[in-house]
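Remarks on the structure that follows.
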Amino acid sequence: MKKFINANIYGNPESHEILVENGQFKAIGNDLGNADEVIDLEGRLVLPPYVDPHLHLDYIFSGLGEGNANVSGTLFEGIQRWSDNKKSLTKELVRERAIKGIQKEMSHGVQFIRTHVDITDPNLTGMKALLKLREELKDVVTLQLVAFPQEGFFRFKGAEQLMEEALKMGADVVGGIPHFEISYEHGVESLKRIVDMAIKYNVMIDIHCDENDDPNSRFLEVLNALVMEKDYGEYTTASHTTSFGSVENSYANKMLGLFRESKINFISCPTENAHLQGRGDSYPKRRGLTRVKELLDNGNNVAFAQDSIADYWYPLGNGNMMNILDNGIHLAHYTHIDEINMAFDLITYNGANIMRVNDKYGIEAGKPANMIVLDAKDAYEAIRERAEVLASIRNGEYLFKREPRKNEIEIDFLKQS
Ligand SMILES: Nc1ccnc(=O)[nH]1
């Protein structure tokens with residue numbers, strides 16, 4: 001039995017002690033009695049682990065090296081470069097890339113990752129490698145795999161069959177990319193078939209949806225309608241939806257009403273989409289994000305995600321969700337003090353809702369003892385200071401622990417004056 005004392009638990013200000021036994025939370029409260037080991041958290045903020053619900057693990061670090069840079073900084077150039085280079089992909093290379101990416105994310109406190117895996121590959125190389133890793137690593141990280149047709153459900157010949165094969169192999173989620181199909185009608189038809197496939201295989205849906213600046217790109221409306229009719233909104237996520245940041249308010253308001261009814265989820269990738277979008281603009285230049293704040297205020301579930309780490313789409317990224325959160329709340333104007341105090345939801349609970357792992361997620365008695373400790377006393381300080389994750393605990397055991405950095409460096413000059 002382990003007892004953590006002097007914890008400031010996110011969302012539970014009354015309780016300061018956490019009792020852990022056999023890898024599970026046994027009790028959360030105060031004066032919880034004796035334990036074999038007592039760990040003093042000295043008033044630090046404790047959260048459930050970070051969740052990254054949208055990452056491309058098969059692409060990690062593909063964009064490094066001479067001649068690999070995406071010159072235009074656009075989505076389409078990224079897809080073209082990947083298409084040209086993926087022919088030499090091996091299971092070993094995917095495995096190596098994915099492990100590097102998981103290592104990066106886990107070292108910043110992530111324990112839950114949903115990864116899109118490109119299935120527009122007749123050998124399903126990435127899917128095979130990642131299915132194996134999902135199983136091998138399940139004790140330390142929860143991986144969810146999306147069967148994602150990067151080069152198009154219709155545009156890539158055979159993608160429909162490959163997607164079905166990936167689902168039979170054990171993929172958790174179906175993906176799509178309607179804005180990349182060759183016409184609006186093809187995009188709509190792809191969504192119909194993808195939704196039907198999800199229902200047939202009883203899996204979730206996560207669509208790369210309207211990742212552009214075109215206010216007339218309205219696949220979100222179609223996706224929402226399809227899943228609303230089938231009562232499948234809670235199992236569905238619209239990723240990116242950056243065009244929804246460019247539509248007229250009158251249209252957006254109509255759609256917000258429909259999203260509230262369907263309960264569809266959203267993922268915004270703030271750093272990546274700030275980088276990719278607005279490339280056709282001069283000034284004013286759009287921010288490239290969906291309507292994050294309005295969707296949250298509307299009662300829809302929204303999570304932030306990393307998306308890429310040094311691939312053909314995005315040259316930066318290190319798996320640190322604090323960086324994503326900090327950028328995201330700025331770009332979304334989610335910066336009222338009350339919003340900042342709730343903002344950790346965007347990289348914890350909201351992502352867990354999307355992955356539908358709620359029964360195993362959160363600091364509550366009876367759940368697996370998974371949590372992280374931050375170098376800050378509360379949520380506001382953590383975000384303002386971009387606090388580091390000092391410890392990540394999985395099933396009651398430390399995945400890592402690091403020494404707090406001394407934030408208050410003395411500046412000699414200031415001491416003298
Ligand atoms: N942001 C993105 C990364 C990778 N593939 C995409 O279609 N989009």
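Fair warning: this is a prediction, and the values are worked out from it, not measured in the lab. Start at 1 and go down the list; that is how both ligands and their atoms are numbered.
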Result block: side-chain N/O donor-acceptor pairs under 3.5 angstrom for residues 258-266, not counting sequence neighbours:
| from | atom 1 | to | atom 2 | distance (Å) |
| --- | --- | --- | --- | --- |
| Arg260 | NE | Asn298 | O | 3.4 |
| Arg260 | NE | Asn298 | OD1 | 3.1 |
| Arg260 | NH2 | Asn298 | OD1 | 2.8 |
| Ser262 | OG | Asn224 | OD1 | 2.5 |
| Ser262 | OG | Phe259 | O | 3.4 |
| Ser262 | OG | Ile264 | N | 3.2 |
| Asn265 | OD1 | Asn301 | ND2 | 3.1 |
| Asn265 | ND2 | Glu234 | O | 3.2 |
| Asn265 | ND2 | Thr236 | O | 3.0 |

For a quick test of your reading: what N or O donor-acceptor pairs under 3.5 Å do the side chains of residues 276-289 make, sequence neighbours left out?
| from | atom 1 | to | atom 2 | distance (Å) |
| --- | --- | --- | --- | --- |
| Gln277 | OE1 | Asn273 | ND2 | 3.0 |
| Arg279 | NE | Gly73 | O | 3.4 |
| Arg279 | NE | His275 | O | 2.8 |
| Arg279 | NH2 | His275 | O | 3.0 |
| Arg279 | NH2 | His275 | ND1 | 3.3 |
| Asp281 | OD1 | Arg286 | NH2 | 2.7 |
| Asp281 | OD2 | Arg286 | N | 3.0 |
| Asp281 | OD2 | Arg286 | NE | 2.9 |
| Arg286 | NH1 | Asp213 | O | 2.8 |
| Arg286 | NH1 | Ser246 | OG | 2.9 |
| Arg287 | NH1 | His330 | O | 3.4 |
| Arg287 | NH1 | Leu331 | O | 3.0 |

Please tabulate, for the side chains in residues 153-160, all donor-acceptor contacts under 3.5 angstrom to protein atoms that are two or more places apart in sequence or on a different chain.
| from | atom 1 | to | atom 2 | distance (Å) |
| --- | --- | --- | --- | --- |
| Arg155 | NH1 | Phe180 | O | 2.8 |
| Glu160 | OE1 | Arg193 | NH1 | 2.9 |

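Using bins of under 30°, 30° to 60° and over 60° for the plane-to-plane angle, the ring pair His208/His240 lands in the tilted bin.
Geometric assessment of Arg81 against the ring of Phe76 yields a negative cation-pi assignment under the 6.0 Å and 45° thresholds.
With Lys230 contributing its side chain and Val195 its backbone, the two residues share no donor-acceptor pair below 3.5 Å.
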Atom pairs, nitrogen or oxygen, ligand 1 to protein, under 3.5 angstrom:
| from | atom 1 | to | atom 2 | distance (Å) |
| --- | --- | --- | --- | --- |
| ligand 1 | 1 (N) | Glu211 | OE2 | 2.7 |
| ligand 1 | 1 (N) | Glu272 | OE2 | 3.0 |
| ligand 1 | 1 (N) | Asp307 | OD2 | 2.9 |
| ligand 1 | 5 (N) | Gln150 | OE1 | 2.8 |
| ligand 1 | 5 (N) | Trp313 | NE1 | 3.4 |
| ligand 1 | 7 (O) | Gln150 | NE2 | 3.1 |
| ligand 1 | 8 (N) | Glu211 | OE1 | 2.9 |

